[in-house]
S.K.: 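The structure that follows is given in the form of structure tokens.
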Amino acid sequence: MAKYLLLKHYRGAPAPANDVPMDRWTPQEISAHMRYMHDFAARLEKTGEFVDAQALAPEGAWVRYDGEGRPPVTDGPFAETKDLIAGWMMIDVDSYARAVELAGELSAAPGAGGEPIHEWLEVRPFLTAPPTITE
């Protein structure tokens with residue numbers, strides 16, 4: 001089994017087919033989306049493929065160590081993940097192909113009008129060993 005992170009993005013990929021931002025969905029549309037996500041996770045729990053999932057709040061800050069005795073720096077010149085990453089699901093599956101299959105299915109979560117979002121999901125394998133250094 002191999003662990004993968006399925007990242008749900010607000011943007012940073014081609015626009016999904018149903019490109020209405022969640023803050024413009026009705027309460028019923030949000031409930032339907034959340035129910036789909038819950039049911040999807042529950043199904044993967046039964047197969048032993050679900051590890052964890054979380055939606056992320058829009059608040060956040062970049063933090064970096066700035067040297068001994070100095071306060072952490074909490075700003076940076078980079079795009080903030082709060083503008084990019086909406087949430088994630090961690091899965092433990094037999095193959096990359098299975099991870100891609102599940103990401104495709106998760107992409108069909110309903111959005112505005114109850115229609116599938118067809119959102120892009122990033123599939124990232126967990127590093128299982130330190131990178132090999134070749135000289």
Side-chain angles (χ1 to χ4, degrees):
M1 300 284 274
K3 289 189 174 114
Y4 290 87
L5 191 62
L6 307 180
L7 288 168
K8 295 173 66 66
H9 289 269
Y10 286 119
R11 57 178 190 239
N18 186 351
D19 198 18
V20 178
M22 188 180 258
D23 62 359
R24 296 197 343 234
W25 296 0
T26 67
Q28 295 82 9
E29 291 166 342
I30 292 171
S31 291
H33 181 82
M34 299 308 290
R35 187 170 40 260
Y36 182 96
M37 299 295 292
H38 178 269
D39 292 348
F40 184 82
R43 186 168 50 86
L44 295 185
E45 280 181 330
K46 290 179 183 172
T47 65
E49 296 173 308
F50 179 81
V51 177
D52 196 11
Q54 295 292 322
L56 297 173
E59 302 83 35
W62 282 88
V63 177
R64 160 191 100 167
Y65 174 74
D66 201 32
E68 191 66 39
R70 294 181 167 167
V73 176
T74 58
D75 200 359
F78 308 105
E80 297 194 40
T81 57
K82 67 183 180 189
D83 295 333
L84 301 174
I85 300 173
W88 53 269
M89 179 175 287
M90 186 188 315
I91 58 175
D92 193 0
V93 295
D94 289 329
S95 66
Y96 175 76
R98 178 65 174 154
V100 168
E101 176 187 347
L102 292 174
E105 200 175 319
L106 190 57
S107 170
E115 295 297 316
I117 299 171
H118 297 280
E119 68 183 330
W120 288 88
L121 294 167
E122 186 176 355
V123 178
R124 300 277 306 269
F126 278 70
L127 191 61
T128 57
T132 304
I133 299 173
T134 57
E135 294 184 33

S.K.: For residues 110-121, which residue pairs qualify under salt bridge (charged side-chain N to carboxylate O under 4.0 Å, His left out), counting only residues two or more places apart or in two chains?
M.R.: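 Listed once each, the pairs are Lys8-Glu119.
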S.K.: Just say parallel, tilted or perpendicular for the rings of His33 and Trp25, cut-offs at 30° and 60°.
M.R.: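 The rings of His33 and Trp25 stand perpendicular, inter-plane angle above 60°.
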S.K.: Do you reckon Trp88 sits in the same ILVMFWY cluster as Tyr4, going by side-chain contacts under 4.5 Å, direct or chained?
M.R.: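 No, because Trp88 and Tyr4 fall into different hydrophobic clusters, even though each may have its own neighbours under 4.5 Å.
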S.K.: Mark yes or no for whether Glu29, through its side chain, and Gly111, through its backbone, hold a donor-acceptor pair below 3.5 Å.
M.R.: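 It does not hold such a pair.
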S.K.: Is there a path of hydrophobic side-chain contacts, each under 4.5 Å between heavy atoms of I/L/V/M/F/W/Y residues, joining Trp120 to Leu6?
M.R.: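 Each belongs to a different hydrophobic cluster.
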S.K.: Locate the shortest heavy-atom distance separating Ala103 from Leu121; write the atom from each residue and the value.
M.R.: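 Taking Ala103 first and Leu121 second, the nearest heavy atoms are O-CD1, 3.1 Å.
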S.K.: Answer with yes or no whether the hydrophobic clustering places Leu5 together with Leu102; edges join I, L, V, M, F, W, Y residues whose side-chain heavy atoms lie under 4.5 Å apart.
M.R.: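 No; tracing contacts between hydrophobic side chains, which count when under 4.5 Å, never links both residues.
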S.K.: Which heavy atom of Asn18 sits nearest to which heavy atom of Pro116, and what is that distance?
M.R.: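 Taking every non-hydrogen atom into account, CB-O, 3.3 Å.
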S.K.: Do you know the tightest heavy-atom contact between Leu44 and Thr47?
M.R.: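 Looking at all heavy atoms of both residues, the shortest contact is O-OG1, 3.1 Å.
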S.K.: When hydrophobic residues are tied together by side-chain contacts of less than 4.5 Å, even through go-betweens, does Met1 share a cluster with Ile91?
M.R.: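 No, no single cluster joins them.
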S.K.: Dump the intermediate steps for side chain to side chain contact (heavy atoms under 4.5 Å, CB included) on Phe40 and Phe50, then the final yes or no.
M.R.: CA-CA 9 Å; Phe40 184 82; Phe50 179 81; over 6 Å; no
S.K.: Gln54: which residues meet the side chain to side chain donor-acceptor pair (under 3.5 Å) condition with it, sequence neighbours left out?
M.R.: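 With sequence neighbours excluded, Gln54 shows a side chain to side chain donor-acceptor pair (under 3.5 Å) to no residue whatsoever.
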S.K.: Quick one: closest heavy-atom pair of Tyr36 and Leu106, and the distance?
M.R.: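 Closest approach of Tyr36 to Leu106, heavy atoms only: CE2-O, 4.2 Å.
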S.K.: Using 0.5 Å steps for rounding, measure from the CG atom of Leu7 to the CE atom of Met90.
M.R.: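 Output value for this atom pair is 10.5 Å.
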S.K.: Can you give each donor-acceptor pair under 3.5 Å made by side-chain atoms of residues 124-131, sequence neighbours left out, with the distance rounded to 0.1 Å?
M.R.:
unit_1 : atom_1 : unit_2 : atom_2 : d
Arg124 : NH1    : Glu122 : OE2    : 3.3

S.K.: Nearest heavy-atom pair of Ala32 and Pro110: which atoms, and what distance?
M.R.: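 For Ala32 and Pro110, the tightest heavy-atom pair comes out as O-CG, 3.7 Å.
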S.K.: What's the spacing between Glu45 CD and Asp52 CG if we round to 0.5 Å?
M.R.: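 Glu45 atom CD to Asp52 atom CG measures 9.5 Å (nearest 0.5 Å).
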S.K.: With a cut-off of 6.0 Å (strictly less than), are more than 12 heavy atoms of other residues, nucleotides or ligands near CE of Met34?
M.R.: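 No, not enclosed.
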S.K.: Examine Ile117 and Met22 and state if one hydrophobic cluster contains both, with Ile, Leu, Val, Met, Phe, Trp and Tyr joined whenever side-chain heavy atoms are less than 4.5 Å apart.
M.R.: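 As far as the 4.5 Å side-chain criterion goes, Met22 and Ile117 are connected within one cluster.
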